[in-house]
Structure formats: C-alpha cells, structure tokens
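First comes the structure, then the notes that go with it.
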Amino acid sequence: MAKKISTVFFCTECGNESSKWMGQCPACKAWNTLVEEKVSTTPAGSRKRASVSGAVAHRLSEIDMDESVRLSTGIPEMDRVLGGGIVHGSLTLLGGDPGIGKSTLLLQMCENISRSSRVLYISGEESLQQIKLRADRIGSFNDSLLLMCENNLTDIEAVIRKEKPEVVIIDSIQTMVSEDVTSSAGSVSQVRESTAVLMQLAKGLGIAIFIVGHVTKEGTVAGPRVLEHMVDTVLYFEGDRYASYRILRGVKNRFGSTNEIGVFEMGSEGLKEVPNPSEYMLNGRPLNASGTVVACSMEGTRPILIEIQALVCQSNLGIPRRAAVGTDANRVNLLMAVLEKRLGIHLSGDDAYINIAGGMKMTEPAIDLGIAMAIVSSFREVPVGDDIVVFGEVGLSGEVRAVNFGEQRIAEAAKLGFKKAVVPAVTYEKLGKVKGIEIIPVANLSEAIELIRV
Ligand code: TYD
Ligand code: MG
C-alpha cells in the first residue's frame, strides 16, 4: 500500500491534529503546544481493522466471566491500586518522574508473576545486562520471565504472537517506534500510534500490557493526553526525591476505584511495601511542641495519620509571607482569614508556613481543622498535645463540618495509641462506641481552639 506522507501539527497537551501551525490549540486552548510532525496516512487504519478478531456482537449473558478473573501481581499494595489485581486484556500506563522506580516496580511484579505465568519484559531503554544487574538486586527470578531489548513495534508484535505471554511490559512507550509512522520515537504521533497498536494486541490476544510513560516537567505523561484516554488504567508513581517512600496512585481505572494508593519504600534491594503508612509518616515526630498537630486524611479506603506543622511568626514585610508545602496554599489563606474574622485572632501581620511532614501531599478538606489548630498552636506557642488526633472540615463561618469515614479514622488513631480525637460534632452523633479513645466533639473553630490553652 502506498504511503502518503504529509506534515501535520499536533498539540502536545491534548493531541489535537491540525493542518497548519497556530499559536493556540483550537481544541484545548493551550498556547505554544503545537509541534510539527510528518505522518503517513493510509496503513494505520487498515492494520487496526485486520488485527481485531471477528467482529461479532454478544449478549451480556453470553460473556464468559472466567476470563476476567484477576491475576495477582504478588504485591498487595499494587493489587489494591489496580482494583484487586491485573485484568486480562487490559492496557495499563505507569507514569512517573525519571528514576522514581517505575522499572524496578514492574520488574518486581514480573518476578512474582513469572512464578505462575509467562511474562515478557521489553525494554527500549536498557540493555539486557543492565536489566540483569537490577534483577540481581531485586531477587531470584524464574525462567519463565522473557527479556527483550527492542523498540520496533512490528518485531515486538511478532514476538508477542509467537511467545504468547500473559503479561507484557513495555519500558517505555516513548522509545517505541512504529514503522507506519515516519516521525521520530517519542513524538506525539509515534506515541499515539504505538499505544493504539498495543491496545489492539491487548484486546485481541487477551494479554495484560503495562506501558511505562515518562512524565514532563508539568507532571503529566509526556505525549498527548489522548494516551491517558486510550488506556484502561493510568497509574502514577510519585514520591519525594529526598524521602525514600514512594506512592503508587490510580488516576484512572476502568476496573476499580481511583482513590486507592499503595505505599512503598525504596531500599537497597528494590521496593518494599509499607503496610502501615501512618506509623511510617509519624516517625520522628517532635513531642510536646507547639505548632504541630496530628490529623487524619483518607486516601481511598485507607486512613492515614499525618503530622501538620505550622510556624507563625511576626512579619517584617509589608505583605506577610504565606507558604504551604504538601497542601493547598489557598486553603491555608482561607483558614487564616476565618481565624482572623470569626475568632478575632490577629494573624494579618504574621508570616505563616505550613508543612505536611514526611513530604506527603494531602488536600482532603478533613485536614482543615488540623491546619487551623496547628496555626493557633504556633501563634499562641501552646502545644496541642501528643496524644490528640484531629479531623474536620472548616467552613467560612468558622463551623466544623462533617466528614465521612469517621469510624475508620478513629480506629486508625486508636490503633496507633492516640488517646483523644477531636471530631466534628455532626460526625460524633453518627459514631458508634469506640473503645480506648476519648472523643471530643466540636461544632465550631472556637470550641476547637479552646483546647489550646495554657
Ligand atoms: P528505576 O526503576 O530505574 O526508575 P525509573 O524506571 O522510574 O526511571 O529506579 C532507579 C532508582 O532506584 C535509582 O535511583 C536507584 C534506585 N534503586 C534503589 O535505590 N535500590 C534498588 O534496589 C534499585 C533496583 C534501584
Ligand atoms: Mg526505567
């Protein structure tokens, strides 16, 4: 078939295609995101049609459920994020900063899966020796793990069809090249075409494919947003460069909830799971100090206790500085305005710094009360208490509003030995009896800060 090569412009944000260059993408209105690429138009469409096996419509009752039994990754934290394990025939995208541990995580997953199933790990970035070096650090591997260094998709497709693995890893999508597209590896059209080919393979042959995607400076998977639309599941692997823990987060999941997170720690022998993140996050907490409060935030179905630190000090600038690390700075400004207006605490001349200890990012409104109490505690230089855990959303009138999962949050606090819990009064009414922990219901902020007195 004759290839027709033409020049088109792709938006790197949304993947929109246009025939001429424009300063602003007409679809997503982003500026300066159009890049020029050469594409050949005919073959891609014909190939996609050929690889789908027999187009037949089925009744819901005819669909055999045995095929959708999930395959465990052997890593419970990862299974949880995937919604209970790997779904056959699914395409999963794993994004993350360079060096965060994407290849390590997937190789560890391969180690477990290869005990019972055939796995093919394809790397376009590292040599076989480099992979072996990493594998030696991680553990002992079974012979049913196949490795390949390749970036030509046609060859990859041939090997997949020949070897018939159950799980395939593509590390990374930005290094893959499809011969049907003339532009270079990593370009928008290559990434899009390669993903489309892999999608057809996954669905057609019923194999689970994991693709690694690099992340741009802005924190999205490099290449167009369409990539995220095409795949079934999008996972992000994130973490603080300076902390050893890593968080696996589901951003999109066609087969499960996207709220779940998995917590890992990077060590000298690869990634280790952290089954109790609260304990990990509270490690090394200063005792009997002012400006620190333990709050409870829900990450999916899991409550995590974190330490909120605040430092309020007199400003010598015209406009005081307000900074937040690990949470939303606007939310902090809002809470300070509520404290000022509703409770008459004069903070307008003070700098305020808020930090979520441990490098976690928390934006759930349930940590509002914790932030407000940490600010007041620092302002008054009075400790809140080491055995108190706090949660509740704060409204603009200074009221403490209900949050869900009250029981789980309190149970987590009790488990870690906390003696008191400050909870919204509305939530308190719905709570069952909890042993070993005293519940202090508060209806508004002024009741809550009554607890911070000398
Ligand atoms: P890698 O999986 O190569 O990251 P990615 O594929 O996301 O780019 O991880 C590389 C980093 O992990 C590197 O900085 C070294 C570190 N690491 C360990 O600390 N311990 C280990 O056992 C392994 C395999 C890697
Ligand atoms: Mg890698």
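When a ligand or atom number is given, it counts from 1 through the structure's own listing order. Everything numeric in this text was worked out from a predicted model, so none of it was measured.
A salt bridge is absent between Glu273 and Arg246; no separation between the charged side-chain nitrogens and carboxylate oxygens falls under 4.0 Å. Using a cut-off of 4.0 Å between Lys/Arg side-chain N and Asp/Glu carboxylate O, Asp232 and Arg254 are scored as salt-bridged. At a threshold of 4.0 Å, the pair Arg322-Asp351 does not count as salt-bridged, since none of the basic side-chain nitrogens sits closer than that to a carboxylate oxygen.
With contacts defined as side-chain heavy-atom distances shorter than 4.5 Å, the pair Leu91/Met230 does not qualify.
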Hey, can you pull the donor-acceptor pairs under 3.5 Å for the side chains in residues 292-299, sequence neighbours left out?
{"from": "Thr292", "atom 1": "OG1", "to": "Glu307", "atom 2": "OE2", "distance (Å)": "3.4"}
{"from": "Ser297", "atom 1": "OG", "to": "Glu364", "atom 2": "OE1", "distance (Å)": "3.1"}
{"from": "Glu299", "atom 1": "OE1", "to": "Arg249", "atom 2": "NH1", "distance (Å)": "3.2"}

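Of the possible donor and acceptor atoms, none in the side chain of Lys102 sits under 3.5 Å from a partner among the backbone N and O of Phe237.
Listed by chain and number, residues touching ligand 1 at under 4.0 Å (heavy atoms only) are Asp97, Pro98, Gly99, Ile100, Gly101, Lys102, Ser103, Thr104, Arg134, Arg137, Met266, Gly267, Ser268, Glu269, Gly270.
At a cut-off of 2.8 Å, Thr104 is not counted among the residues with an N, O or S atom near the Mg ion (ligand 2).
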